[in-house]
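First the structure, in the form of structure tokens, and then the observations on it.
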Amino acid sequence: MKISVTTTKFDLTDGDLKQMSQLGIDCVDFGTGSSFPGVKEQGFPDLDALLKMKKRIRSFGLDINRVTLPNLSLDYMNNVDGSISEIDNSVNAIKVFGEAGIPIVRQRFSGDTYNHLTQSYKARQRGGALARGESLILSNEPYSVPGLESQEKYWERFLLAYQHLVPASEDANVKLGMHPSDSPLQGTPFGGLGYRRIIDEFPSKNVGYIYCIGTRSEEGGSSLVTDELNQYGRKNRLFLVHFRNVRGSLPTAGAFEEALLDDGDMNMFKLLLELKKVGFDGCLNPDHVPVLEGDSPDLDKNWAHSNIGWSYGSIGFAYSIGYIKALLTALTEFEG
């Protein structure tokens, strides 16, 4: 297993890459599809600019692990006239990423979360560390999700997109990974039962998961995470693991708080053992890192109390990466 970090920008500085190398990071995950040169101009990334960046990243001993396709907007999900062209952009992006030798792509679908139903808050943890909190019980919004007909129409648009994206991924020899709906509120398309339906509908070995331990724990705790790691891992559908810890869950506490790896409800070493058991050999990514003293919070208001993307000089990221590296060393000794 290796370690990757997510960046929400394309232009990484020499300082970023040098610090990643010094910390022992193996790979970079690009989390924002619109950040690639060419997307705003032609709808999909420019191959030359991508290859230039890949060469630069590799010169620091790193590589690109996962990238994000151009978003499928609410216009597409609502079947607005002309929006079908967005699929063409994603298919062209897959071709570019495949030609660049990048192994994993992710497609985002607008409207897959209902975060207006929760109340965000600043969770203060040990020593005053700041973390993202989300609460249902503190929200004044009545809990209401789209009805069955609306959800079936949304799923039809997802199916239509994947019917184009899956063959393109097979042709380009890239893996198409899906992240669960975050937050995983009941009724979200890629939470609960919806997440499992993806590989039922598309049995291709190129279809699988960017499995977020934190998000899935928010839905069902460590027992659900362990079961899903075993289930999806045995099927070789775990392409990338977002390796983070949380406190509480929506069913048990009506809320959750993100936490440092050693300070949440889950024993992360036990989860590594489960990943080892099913033969996972991809990247572990410590995303959604709490903000420690001296860190700068993410500028995106949706993630104001955590860092979802790489931040130069982040103490929280350095701590998380070191913690994972220590767990991997312990795993090697434990396994013998």
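Numbers for residues simply follow the sequence, beginning at 1.
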Inset, instruction - Go through the steps for Gln231 and Lys235 under the test side chain to side chain contact (heavy atoms under 4.5 Å, CB included), then give the verdict. - result: CA-CA 7 Å; Gln231 175 66 226; Lys235 298 176 183 294; 2.5 Å; yes
Look up atom [atom1] in [X] and atom [atom2] in [Y], then write down how far apart they are to the nearest 0.5 Å.
X: Lys2; Y: Leu240; atom1: NZ; atom2: CG; result: 10.5 Å
X: His164; Y: Ile84; atom1: NE2; atom2: CD1; result: 6.0 Å
X: Leu250; Y: Ile137; atom1: CG; atom2: CD1; result: 10.0 Å
X: Ile25; Y: Asp63; atom1: CD1; atom2: CG; result: 13.5 Å
X: Ile57; Y: Met20; atom1: CD1; atom2: CE; result: 7.5 Å
X: Leu273; Y: Lys276; atom1: CG; atom2: NZ; result: 10.0 Å

Between the side chain of [X] and the main-chain N/O of [Y], is any donor-acceptor distance below 3.5 Å?
X: Ser311; Y: Ser314; answer: no
X: Glu293; Y: Ile315; answer: no
X: Arg247; Y: Asp263; answer: yes
X: Asn206; Y: Leu176; answer: no
X: Gln119; Y: Asn140; answer: no
X: Ser139; Y: Glu141; answer: yes
X: Glu41; Y: Gly38; answer: yes
X: Thr252; Y: Gly248; answer: no
X: Glu86; Y: Ser73; answer: yes
X: Asn267; Y: Phe269; answer: yes

In terms of hydrophobic clusters joined by side-chain contacts under 4.5 Å, are [X] and [Y] together?
X: Phe60; Y: Phe317; result: yes
X: Val145; Y: Met77; result: no
X: Ile199; Y: Phe239; result: no
X: Met268; Y: Leu23; result: yes
X: Val207; Y: Ile104; result: no

Inset, instruction - Sort and list the pairs that fulfil side chain to side chain donor-acceptor pair (under 3.5 Å) and have at least one residue in residues 10-36, not counting sequence neighbours. - result: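 Listed by first then second residue: Ser4-Asp29, Lys9-Asp16, Thr13-Asp16, Asp14-Arg56, Asp16-Trp310, Asp29-Asn65, Asp29-Asn285.
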Legend entry - Residue pairs involving residues 87-101 (criterion side chain to side chain donor-acceptor pair (under 3.5 Å); sequence neighbours excluded):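 Residue pairs with at least one partner in residues 87-101: Ser90-Gln107.
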Legend entry - Sequence-distant partners of Thr118, side-chain hydrogen bond (donor to acceptor under 3.5 Å, both in side chains), two or more places apart: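 With sequence neighbours excluded, Thr118 shows a side-chain hydrogen bond (donor to acceptor under 3.5 Å, both in side chains) to Glu134, given in chain and number order.
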Inset, instruction - Name all residues meeting the side-chain hydrogen bond (donor to acceptor under 3.5 Å, both in side chains) criterion together with Glu156; count only those two or more places apart in sequence or in a different chain, and write none if there are none. - result: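 side-chain hydrogen bond (donor to acceptor under 3.5 Å, both in side chains) check on Glu156 returns nothing, list empty.
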For [X] and [Y], which heavy atoms make the closest approach, and how far apart are they?
X: Pro180; Y: Tyr195; result: CD-OH, 3.3 Å
X: Pro146; Y: Gln151; result: O-NE2, 3.0 Å
X: Ile324; Y: Pro286; result: CD1-CB, 3.8 Å
X: Leu69; Y: Ala93; result: CD2-CB, 3.8 Å
X: Leu272; Y: Leu331; result: O-CD2, 4.3 Å
X: Cys27; Y: Leu62; result: N-CD2, 4.3 Å

Side chains of [X] and [Y] in contact at under 4.5 Å (non-hydrogen atoms):
X: Ile3; Y: Phe243; answer: no
X: Asp171; Y: Ile94; answer: no
X: Ile102; Y: Val174; answer: no
X: Thr6; Y: Ile308; answer: no
X: Arg58; Y: Lys54; answer: yes
X: Leu284; Y: Leu275; answer: yes
X: Leu160; Y: Ile87; answer: yes
X: Phe158; Y: Glu201; answer: no

Inset, instruction - List the steps and the verdict of side chain to side chain contact (heavy atoms under 4.5 Å, CB included) for Ser183 and Arg132. - result: CA-CA 11 Å; Ser183 302; Arg132 168 194 172 209; 3.1 Å; yes
Inset, instruction - Among residues two or more places apart or on two chains, list those pairs meeting ring-ring contact (aromatic ring centres under 6.0 Å, His included) that have a residue in residues 16-57. - result: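 Residue pairs passing ring-ring contact (aromatic ring centres under 6.0 Å, His included), neighbours aside: Phe10-Phe30, Phe10-Phe36, Phe30-Phe36, Phe36-Phe97.
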Legend entry - Residue pair Tyr211 / Glu228, side-chain donor-acceptor N/O under 3.5 Å: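 Yes, because at least one side-chain N or O of Tyr211 sits under 3.5 Å from a partner of the opposite role on Glu228.
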Inset, instruction - For the pair Val289 and Tyr319, evaluate side chain to side chain contact (heavy atoms under 4.5 Å, CB included) and give the outcome as yes or no after the intermediate values. - result: CA-CA 9 Å; Val289 177; Tyr319 176 84; over 6 Å; no
Legend entry - Positive for side-chain hydrogen bond (donor to acceptor under 3.5 Å, both in side chains) with Thr215, one of His288, Arg244, His242: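 So, applying the side-chain hydrogen bond (donor to acceptor under 3.5 Å, both in side chains) to Thr215 and each of His288, Arg244, His242, only Arg244 qualifies.
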Inset, instruction - Scan Leu327, Ile213, Val241 and name whichever one has a side-chain contact (heavy atoms from CB on, under 4.5 Å) with Leu271. - result: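 Per the side-chain contact (heavy atoms from CB on, under 4.5 Å) rule, the option paired with Leu271 is Ile213, out of Leu327, Ile213, Val241.
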Under 4.0 Å between a side-chain nitrogen and a carboxylate oxygen: does that hold for [X] and [Y]?
X: Asp262; Y: Arg126; result: yes
X: Glu149; Y: Lys153; result: yes
X: Asp287; Y: Arg66; result: no

Legend entry - Trace of the ring-ring contact (aromatic ring centres under 6.0 Å, His included) decision for Tyr114 with Tyr143: CA-CA 10 Å; Tyr114 310 143; Tyr143 198 88; 8.0 Å; no
Inset, instruction - Could you pull out all residues at least two apart from Asp200 that satisfy salt bridge (charged side-chain N to carboxylate O under 4.0 Å, His left out)? - result: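 Expected list: Arg196.
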Inset, instruction - Answer yes or no: does atom CD of Gln186 have more than 12 heavy-atom neighbours from other residues, nucleotides or ligands under 6.0 Å? - result: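 No.
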Legend entry - side chain to side chain contact (heavy atoms under 4.5 Å, CB included) between Leu136 and Leu185, worked out: CA-CA 9 Å; Leu136 278 172; Leu185 301 178; 4.0 Å; yes
